[in-house]
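Reading through the structure tokens given below for one structure.
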Amino acid sequence: MLPSEYKVRDLVIRPATVLAPMAGVTDTLFRRVIRGLGGCGLLMTEFTSSEGITRSAKKTLRYLYFEEDEHPITAQLFGANPDVMAEAARIAEDLGYDAADINLGCPAKKVVKCGGSGLLRELPLLEKILKTVRAAIRIPLTIKLRAGWDDKSIVALDVVRMAEQTGIEAAAIHPRTRMQGYAGKADWTIIAAVKQAVKIPIIGNGDIQCPEDAERMVRETGCDAVMIGRAAATNPWIFHQMEQYRTTGRYEVPTENDRRRLLSGYYQKILSTNLPDGVGKMKQFACWFTHGVGNGSELRKIVHSARTPQEIVENVERFFAGKGADGGKPTDEPSHRERSPEEVRT
Ligand SMILES: Cc1cc2nc3c(=O)[nH]c(=O)nc-3n(C[C@H](O)[C@H](O)[C@H](O)COP(=O)(O)O)c2cc1C
């Protein structure tokens, strides 16, 4: 059974589901789409450079923009300088975040040199960062980590134990190694081993594609909450579906009309907020969101051939208007393996 809530100190997360941080995906617009559909207990920002924030780089601070309806929300930070990380966490606290999170998972080459999963190879430095940041803020502090650098150095258990002793209040585990990237399967037995060894809440992450997977993860690992990344980008209803499944044992599949409404609503928000890269965001969203729409490849083609946001909106409206009565049909569950966000990004 999926848990109904979990607590990070006095912060109650209800239901016990978390949107995974995804760079280039989980900006404020996307997060509010997820919140609006219901069922997601905690939102997280994309990972944000502590160096960028503390230098007050305008562009970096943009990543930390959020709206009131996003609470509870965690700011995820990365970096390897303890004092800079502490200062960045203080800024997040002042901005009104409910919690701060330290990224120990990013596999990107330019990030591992200065944080992310690179810190899994530098445990003394990591301990210093955790202690310094912990002492600097009052809001809950959490970590999100991979299993280790490679399969010869699985350190998740050591890291979470050390984090707990340092006052870290929850840990999300994506049990793949840095070297693994996204290949193979996430090894959920690592989540189970960590859960058994510590008292702080453990959030399980990796390869959940549907409510049944989430339930299986909780059953097999005993984790306190589940975190969903890629599946939420192609099926933002997944949190709502998990809540339906938790409470009734069944869940609904979105219809084409649901997808149309969501896509149009999201596009209207992009138009009204005048995003600098509005067209790029629209194209990115169309890539993920239209899997499961009949003749979706045609829809993606017309979105990609458009030049302005207005043109995209008109093309999408025309496409769906031409489909007429099909709109109420439940779509097939989107195929995440067909085209995942990281494939789209690279
Ligand atoms: C496009 C993309 C961007 C990501 N960005 C971040 C990030 O900023 N911070 C982070 O901790 N993990 C990041 N991740 C990893 C996810 O949070 C998550 O751990 C991973 O995708 C496994 O979960 P999933 O199988 O539910 O997708 C990213 C993943 C993807 C696909």
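Remember, it's 1-based here, ligands and their atoms both numbered in the order they're listed.
- Scanning Lys144, Met227, Gln209 for the heavy atom closest to atom 12 (N) of ligand 1 points to Lys144.
- There is no side-chain donor-acceptor pair under 3.5 Å between Thr74 and Asp101.
- Within the 4.0 Å heavy-atom shell around ligand 1 one does not find Phe78.
- Contacts of Met22 with ligand 1, taken as heavy-atom pairs under 4.0 Å, involve both backbone and side chain.
- Distances below 4.0 Å separate heavy atoms of Asp207 from the following atoms of ligand 1: 24 (P), 25 (O).
- The closest side-chain heavy-atom distance from Thr45 to Arg31 is below 4.5 Å.
- Considering backbone and side-chain N/O of Glu46, none are found under 3.5 Å from N/O of ligand 1.
- A ring-centre distance under 6.0 Å is found for Tyr97 and Phe66.
- For the residue pair Arg32/Thr28, the side-chain donor-acceptor check at 3.5 Å is satisfied.
- Using a 4.0 angstrom heavy-atom cutoff, Gly206 counts as in contact with ligand 1.
- Rounding to the nearest 0.5 Å places CG of Leu11 at 7.0 Å from CG of Leu42.
- Using a 4.0 Å cut-off to heavy atoms of His174, the atoms of ligand 1 that qualify are 19 (O), 20 (C), 22 (C).
- With a heavy-atom cut-off of 4.0 Å, Arg176 does not touch ligand 1 at all.
- Of the N or O atoms in Ala23, one or more lie within a sub-3.5 Å distance of an N or O in ligand 1.
- Using a 4.5 Å heavy-atom threshold, the side chains of Pro15 and Met242 count as separate.
- With ligand atoms numbered from 1 in the order given, ligand 1 contributes 17 (O) to contacts under 4.0 Å with heavy atoms of Ala20.
- Of the heavy atoms in Arg230, both backbone and side-chain atoms come closer than 4.0 Å to ligand 1.
- Listed by chain and residue number, Asp187 satisfy the side chain to side chain donor-acceptor pair (under 3.5 Å) test with Thr189 (two or more places apart in sequence, or in another chain).
- Panel note: side chain Glu70, backbone Ile73; no donor-acceptor pair is recorded below 3.5 Å.
- In terms of polar-atom proximity, Pro21 is counted as a contact of ligand 1, with an N or O under 3.5 Å from an N or O of the ligand.
- We find the CZ-CE distance between Arg146 and Met179 to be 11.0 Å, quoted to the nearest 0.5 Å.
- For a threshold of 3.5 Å applied to N or O pairs, the pair formed by Ile228 and ligand 1 contains no separation below that value.
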